[in-house]
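Working notes, structure below.
When a ligand or atom number is given, it counts from 1 through the structure's own listing order. Predicted, not measured: the structure shown is a model, and the values here were computed from it.
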Amino acid sequence: MEEKKEQLRILSGMRPTGKLHLGHLHGVLKNWLKLQDQYQCFFFAADWHALTTKYDSPFDIPQNITDMALDWFSVGIDPEKAVVFVQSDIKAHAELHLLLSMITPVSWLERNPTYKEQQQELKGKDLATYGFLGYPVLQAADIIIYKAHKVPVGQDQLPHLELTREITRRFNYLYKPIFPVPEAILTEIPKLPGLDGRKMSKSYNNAIFLSDSESVIKQKISTMVTDVERPRKSDPGDPENRCVAFNLHKLYLPEDRLKEIVEDCKAAKLGCVQCKKELANAIVEFLRPIQEKRAELSKDPNTIKDILHFGAQKAKIVAEATMEEVRNALWNRA
Ligand code: TRP
């Protein structure tokens, strides 16, 4: 890691929800891939955060971690370039979370917009728990325990980042200024539509997973919404403005072919069925090397465990060193 040009520290985490889809790849992972070449990066599976909303059925979280990590490494997240680990392997996050909880006013947490939104969204689940209220405090601990400068996140995480910054300032002010106040790097997430035109998401059942087989991809793409104002092939289409599937064409087909498709669609010469077959083939080809890597990593069920263990050892050294400083600051030792 020392040979990296930029010594800025980057940290980001994902809750382990299982297998990842194309939306994760284009929204988050592409960004991580770029960052791991330029900066000191820490990427981790936030399994304790997953527990805040899944405390009643936590049993599949370990498998979800493995599935997610397998996807990370298949797309090229490199454990030699970045420190990749599981949150609950680093107990120091919990210790720092506890200490930060002492200095965090409850009113800051109650004001957090995602606290109320999530409770609304996940109706039927009691999220009036102490742990869920403290979600952003744990996130703050995740970030500052590695003294991260930058945190790549989506728009939805900005309130959490703002809380991290406030908690960090408060710690620095009360005890000793040992933490950089981290900044968000807003990831430009190209809104990737799913099969039905809504944002691609596992919970909408409209996603194409990185690990989907060729036949599943072909079947799924054949159901994808195209241009609703073009019910028949003989109607001229408007792919650039009306076709949902064309958003994916733009990612997976070469520029010159896209031009031809636009012309032929507008001229009512190319039908959606055929056009989506071409898209499905392009996605299959795009995913081929990723899936080959996945198959290789899956051969030995211990591979992922070993890689994550290797990452945890590196993370632990940094986290423990920070905790020494934190304890010294808190108890006013030299
Ligand atoms: N809350 C983040 C999410 O749901 C996951 C997360 C946990 C995280 N700890 C973090 C992200 C620290 C960035 C930094 O996506």
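A salt bridge is defined here as a Lys NZ or Arg NE, NH1 or NH2 lying under 4.0 Å from an Asp or Glu carboxylate O, and Glu240 with Lys266 meets this definition. Salt bridge status for Glu255 with Lys259: absent, with no side-chain N to carboxylate O gap under 4.0 Å. Using a 4.0 Å cut-off between charged nitrogen and carboxylate oxygen, Arg257 and Glu260 count as a salt-bridge pair.
When ring centroids are compared, Tyr135 and His160 come within the 6.0 Å threshold.
The nearest heavy-atom contact from the protein to atom 5 (C) of ligand 1 is Gly13 O, 3.7 Å. Summary of contacts: the protein heavy atom closest to atom 7 (C) of ligand 1 is His49 ND1, 3.3 Å. Protein heavy atom in closest approach to atom 8 (C) of ligand 1: Gln139 NE2, 3.6 Å.
With Phe85 as the fixed residue, the ring pair (Phe, Tyr, Trp, His ring centres under 6.0 Å) test singles out one of Trp72, Tyr146, Phe43, Phe310: Tyr146.
Which parts of ligand 1 touch Ala46 is read off a 4.0 Å heavy-atom cut-off, strictly below it: atoms 7 (C). Of all atoms in ligand 1, numbered sequentially from 1 with element shown, those under 4.0 Å from a heavy atom of Val151 are 13 (C), 14 (C). Under a 4.0 Å criterion applied to the non-hydrogen atoms of Tyr135, ligand 1 contributes the atoms 1 (N), 2 (C), 3 (C), 4 (O). Against a heavy-atom cut-off of under 4.0 Å, Leu11 is close to the following atoms of ligand 1: 12 (C), 14 (C). Atoms of ligand 1 found under 4.0 Å from any heavy atom of Asp142 (numbered from 1 in listed order, with element): 7 (C), 9 (N), 10 (C).
In this structure, Phe179 and Phe171 have perpendicular ring planes: the angle between them is above 60°, well past the 30° mark.
The side chain of Ile143, and not its backbone, has at least one atom closer than 4.0 Å to an atom of ligand 1 (non-hydrogen atoms only; side chain from C-beta on). At a heavy-atom distance under 4.0 Å, only side-chain atoms of Phe44, from C-beta outward, approach ligand 1.
Looking at heavy atoms from C-beta onward, Leu133 lies in side-chain contact with Tyr115 at the 4.5 angstrom threshold.
Residue Gln157 places at least one N or O, backbone or side chain, under 3.5 Å from an N or O of ligand 1.
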Requested in this report: Go through the steps to decide whether Phe42 and His93 satisfy the test ring pair (Phe, Tyr, Trp, His ring centres under 6.0 Å), and finish with yes or no.
Outcome: CA-CA 14 Å; Phe42 292 78; His93 289 224; 9.8 Å; no
